[in-house]
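Take a look at the structure set out below.
Computation of the quantities below employed the complete heavy-atom set of this structure, encompassing side-chain atoms and omitting hydrogens, waters and symmetry-equivalent molecules.
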Amino acid sequence: MFTGIITDIGEILQVDQRGDLRARIATGYDIEGLDIGASIACDGVCLTVVAKGGAPRAWFDVDISAETVGATNIGGGWAPGKRLNLERAL
């Protein structure tokens with residue numbers, strides 16, 4: 001469940017096709033408090049954190065299925081440099 005309140009503006013750092021699409025997103029969130037498996041709404045699309053790191057700046061990775069890419073705005077414009085509204089789950 002989400003509140004609808006944007007709590008961070010992230011930036012796509014990298015997008016790779018690995019069967020599913022994997023995106024690395026820079027964030028201002030405290031990475032230590034962000035669990036693998038956490039849900040984050042990225043421009044309104046609920047995605048699951050699959051990896052995280054802090055160098056050179058805080059980031060998390062999400063895997064995005066082909067079905068999600070086709071049903072959302074992800075396929076048409078997610079590229080490095082794009083800024084995203086981020087919202088943590090309750």
Side-chain angles (χ1 to χ4, degrees):
M1 176 181 275
F2 295 93
T3 63
I5 299 171
I6 309 273
T7 55
D8 188 23
I9 304 295
E11 179 185 347
I12 296 175
L13 299 175
Q14 184 176 334
V15 179
D16 295 314
Q17 191 70 49
R18 303 177 176 193
D20 285 339
L21 194 64
R22 178 166 287 196
R24 177 160 292 173
I25 301 169
T27 183
Y29 292 143
D30 174 16
I31 287 301
E32 295 303 317
L34 188 63
D35 295 328
I36 302 296
S39 294
I40 298 180
C42 303
D43 266 4
V45 181
C46 180
L47 299 171
T48 301
V49 175
V50 297
K52 63 182 183 172
R57 59 197 241 209
W59 57 266
F60 64 91
D61 285 353
V62 293
D63 286 335
I64 310 160
S65 71
E67 183 174 342
T68 298
V69 170
T72 65
N73 65 354
I74 294 171
W78 276 34
K82 179 174 174 50
R83 294 170 55 92
L84 304 171
N85 292 326
L86 301 179
E87 178 188 349
R88 305 261 325 249
L90 286 175

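For the pair V69 and W78, the minimum side-chain heavy-atom distance is 4.5 Å or more. Looking at heavy atoms from C-beta onward, D20 lies out of side-chain contact with T68 at the 4.5 angstrom threshold. Inter-residue side-chain proximity for V15 and L21 is flagged as met; some heavy-atom pair is nearer than 4.5 Å. Using a 4.5 Å heavy-atom cutoff, the side chains of I40 and V62 are not in contact.
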| said: Applying side chain to side chain contact (heavy atoms under 4.5 Å, CB included) to D43 and T72, what does each step give before you reach the verdict? | reply: CA-CA 10 Å; D43 266 4; T72 65; over 6 Å; no
| task | Could you walk me through whether E87 and N85 pass side chain to side chain donor-acceptor pair (under 3.5 Å), step by step? | result | CA-CA 7 Å; E87 178 188 349; N85 292 326; over 6 Å; no
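Each of W59 and I25 belongs to its own hydrophobic cluster when Ile, Leu, Val, Met, Phe, Trp and Tyr are linked at side-chain heavy-atom distances under 4.5 angstrom. Under a hydrophobic-cluster definition in which Ile, Leu, Val, Met, Phe, Trp and Tyr are linked whenever side-chain heavy atoms come within less than 4.5 Å, directly or via other members, I12 and L34 are assigned to the same cluster.
Looking at every heavy atom in both residues, G28 comes nearest to D8 through N-OD2, 2.7 Å. Here the closest heavy-atom approach between residue C42 and residue L84 is recorded as CB-CD1, 4.3 Å. Taking every heavy atom of both residues into account, E11 and R57 meet most closely at OE1-NH2, 2.9 Å. Nearest heavy-atom pair across I31 and K52 is O-NZ, 3.0 Å.
Remark: side-chain polar atoms of D35 are not paired, donor with acceptor, to backbone N or O of G37 under 3.5 angstrom.
The number of heavy-atom neighbours closer than 6.0 Å to CD of Q17, taken from other residues, nucleotides and ligands shown, is above 12.
Between L90 atom CG and I5 atom CD1 the span is 8.5 Å, to the nearest 0.5 Å.
Looking at V50, I36, L86 one by one, the single match for side-chain contact (heavy atoms from CB on, under 4.5 Å) with F60 turns out to be L86.
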